[in-house]
Asker: 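Following this message is one structure expressed as C-alpha cells.
Since the model is a prediction, treat every value here as computed from it, not as a measurement.
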Amino acid sequence: FKVKVQARTIGMADRLYRMRYRGEALMDTAPLSSVKTTMQQDVRSTEKVTTMSFQDNGAIKTTETKSENGSPMKYAVRNVQTERFTLDPFSATYLVRGLDWAVGTEKVFDVYPGKYQYELRLKCVNTAIVEFGGEKRTAWVIVPTVTNLDPDKQSDAAKKKPANVKIYVSADELKDVLKIEASHTLGQFRVRMERFEP
C-alpha cells in the first residue's frame with residue numbers, strides 16, 4: 001500500500017504560523033509492515049525532510065535534512081535497531097483498521113516517527129454512534145496512549161499534560177476511521193471523514 005497525507009494552515013493561522021506538511025508511506029501487506037516513509041515539513045522559515053527505511057531484521061535507517069531561513073542544508077543520519085514490532089505513524093494508523101476490536105481490548109506495539117521510538121497502546125473503551133453521510137453508524141471508541149521509550153525523555157513527558165485523543169472506528173466489516181478528536185492545552189483538533197471512494 002502507498003499512503004499519502006497532506007496538511008496546511010489556512011486563513012489567519014497561515015499568517016501567524018505558516019505550515020505545509022506532506023507525508024508518504026509505503027507498506028507491505030502480508031503481514032502489514034513499514035517499508036519506507038518520507039515526511040516533508042515547511043514550518044515558517046524551516047524546511048525539514050525525513051526519510052525512514054525499515055528493514056526485515058528490525059533495523060531502521062533515518063536520513064534527515066534541515067534548512068532554516070534559506071541557510072545551507074544540515075544532514076543527519078540515524079540508525080536504530082528495534083527489538084519489537086515497529087511501524088511508522090502512517091502504517092500504525094492503517095493497522096487500527098485491521099485489528100479486531102471489542103470493548104476492553106488493548107493492543108500494544110511500537111511507533112517510530114524518525115527520531116525517538118514510542119510505545120503505542122490502543123484501548124477500546126466503549127462504543128458510540130457517529131453520523132456519517134446522513135446515516136448513523138456504530139463505532140468503536142479507541143483511546144491511544146503514547147510513551148517515549150527513551151528514559152531521559154520519559155521524565156520530561158511526565159511533566160506535560162498528555163493530549164486527550166479518541167479514534168472512532170466503524171464497528172462493521174469496513175472499519176472506517178470515521179472521526180478523530182483530540183484536546184490539548186493548545187486547543188482542540190477534530191478530523192471527520194466526509195467521503196470514501198474505493
Asker: Are Val111 and Val146 side-chain neighbours, meaning at least one heavy-atom pair lies under 4.5 Å?
Answerer: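 Not touching, per the 4.5 Å side-chain cut-off.
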Asker: With hydrophobic residues grouped by side-chain heavy-atom distances under 4.5 Å, do Met52 and Tyr116 end up in a single group?
Answerer: yes
Asker: Indicate yes or no: does Glu64 engage Lys115 in a salt bridge with an N to O separation below 4.0 Å.
Answerer: no
Asker: Rounded to the nearest 0.5 Å, what separates atom OG1 in Thr93 from atom CD1 in Ile180?
Answerer: 6.5 Å
Asker: Shared ILVMFWY cluster between Val169 and Ile129, side chains joined below 4.5 angstrom?
Answerer: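 No, because Val169 and Ile129 fall into different hydrophobic clusters, even though each may have its own neighbours under 4.5 Å.
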Asker: Within a reach of under 6.0 Å around CG of Asn57, are more than 12 heavy atoms found that belong to other residues, nucleotides or ligands?
Answerer: yes
Asker: Measure the spacing between CE of Met27 and CG of Asp88 and express it to the nearest 0.5 Å.
Answerer: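 It is 6.0 Å, given to the nearest 0.5 Å.
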Asker: With a 4.5 Å limit on heavy-atom distance, are the side chains of Lys123 and Thr145 in contact?
Answerer: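 The answer is no; the side chains never approach within 4.5 Å.
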Asker: What pair of heavy atoms forms the shortest contact from Ser170 to Trp140, and how long is it?
Answerer: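 For Ser170 and Trp140, the tightest heavy-atom pair comes out as O-CD1, 4.2 Å.
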Asker: Do you know which two heavy atoms are closest between Asp100 and Thr105, and how far apart they sit?
Answerer: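 Scanning both residues completely, I find the closest heavy atoms to be O-CG2, 4.0 Å.
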Asker: Side-chain contact, heavy-atom cut-off 4.5 Å: Lys36 with Thr51?
Answerer: yes
Asker: Less than 4.5 Å apart, any side-chain heavy atom of Arg20 and any of Thr9?
Answerer: yes
Asker: Check whether any side-chain heavy atom of Phe54 lies under 4.5 Å from a side-chain heavy atom of Thr37, and answer yes or no.
Answerer: yes
Asker: Can you hop from Tyr94 to Met39 via hydrophobic side chains spaced under 4.5 Å?
Answerer: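 Yes, same cluster.
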Asker: Please determine whether residues Val35 and Val80 belong to a single hydrophobic cluster, defined as Ile, Leu, Val, Met, Phe, Trp and Tyr linked transitively by side-chain heavy-atom distances below 4.5 Å.
Answerer: no
Asker: Can you tell if the side chain of Phe109 reaches within under 4.5 Å of the side chain of Arg84, non-hydrogen atoms only?
Answerer: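 Phe109 does not reach Arg84 side chain to side chain.
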Asker: Which pair of heavy atoms, one from Thr62 and one from Gly114, lies closest together, and at what distance?
Answerer: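 Of all heavy-atom pairs spanning Thr62 and Gly114, the closest is CG2-O, 3.3 Å.
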Asker: To the nearest 0.5 Å, tell me how far Leu99 CG sits from Lys175 NZ.
Answerer: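 Rounded to the nearest 0.5 Å, the CG-NZ separation comes out at 7.0 Å.
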Asker: Report yes or no: do Ile142 and Val108 belong to one cluster of Ile/Leu/Val/Met/Phe/Trp/Tyr joined by side chain heavy-atom distances under 4.5 Å?
Answerer: no
Asker: Among Arg18, Lys48, Arg22, whose salt bridge (Lys or Arg N to Asp or Glu O under 4.0 Å) with Asp42 holds?
Answerer: Arg22
Asker: When you look at Tyr118 and Asn148, which way does the side chain to side chain contact (heavy atoms under 4.5 Å, CB included) test go after all the steps?
Answerer: CA-CA 4 Å; Tyr118 298 85; Asn148 193 321; 3.6 Å; yes
Asker: Which atoms form the tightest heavy-atom contact between Leu32 and Leu87, and what is the distance?
Answerer: O-CD2, 4.3 Å
Asker: Testing the 3.5 Å rule here: is there a donor-acceptor pair between the side chains of Ser34 and Tyr112?
Answerer: no
Asker: For residues Arg97 and Asp176, report the shortest heavy-atom separation together with the two atoms involved.
Answerer: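 Heavy-atom minimum between the residues: NH2-OD1, 3.4 Å.
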Asker: Are Val141 and Tyr168 side-chain neighbours, meaning at least one heavy-atom pair lies under 4.5 Å?
Answerer: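 When only atoms from C-beta onward are counted, Tyr168 and Val141 do touch, with a gap below 4.5 Å.
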Asker: Rounded to the nearest 0.5 Å, how far does OG1 of Thr86 lie from CD of Glu119?
Answerer: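 OG1 of Thr86 is found 10.5 Å from CD of Glu119.
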Asker: Around atom NZ of Lys166, are there more than 12 heavy atoms from other residues, nucleotides or ligands closer than 6.0 Å?
Answerer: no
Asker: Could you tell me whether Gln6 atom CD has more than 12 heavy atoms of other residues or ligands within 6.0 Å of it?
Answerer: no
Asker: Nearest 0.5 Å, what's the CD-CD distance between Gln117 and Glu83?
Answerer: 9.0 Å
Asker: Supply the atom-to-atom distance Ile167 CD1 to Trp101 CH2, rounded to the nearest 0.5 angstrom.
Answerer: 8.0 Å
Asker: Any donor and acceptor pair, going by atom type alone, linking the side chain of Lys2 with main-chain N or O of Glu24 inside 3.5 Å?
Answerer: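 Answer holds: no.
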Asker: Between Arg121 and Glu106 (side chain of the first, backbone of the second, donor and acceptor by atom type, cut-off under 3.5 Å), is there such a pair?
Answerer: no
Asker: Just wondering, do Glu131 and Leu178 contact through their side chains at under 4.5 Å, heavy atoms?
Answerer: no
Asker: Any idea which heavy atoms bring Ser45 and Asn69 closest together, and the distance?
Answerer: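 Where Ser45 meets Asn69 most closely, the heavy atoms are OG-OD1, 2.6 Å.
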Asker: Could you walk me through whether Lys74 and Glu68 satisfy the salt bridge (charged side-chain N to carboxylate O under 4.0 Å, His left out) test, starting with their C-alpha distance in whole Å, then the side-chain angles of each, then the deciding distance to 0.1 Å, before giving a yes or no?
Answerer: CA-CA 9 Å; Lys74 295 179 183 176; Glu68 295 183 50; 5.1 Å; no
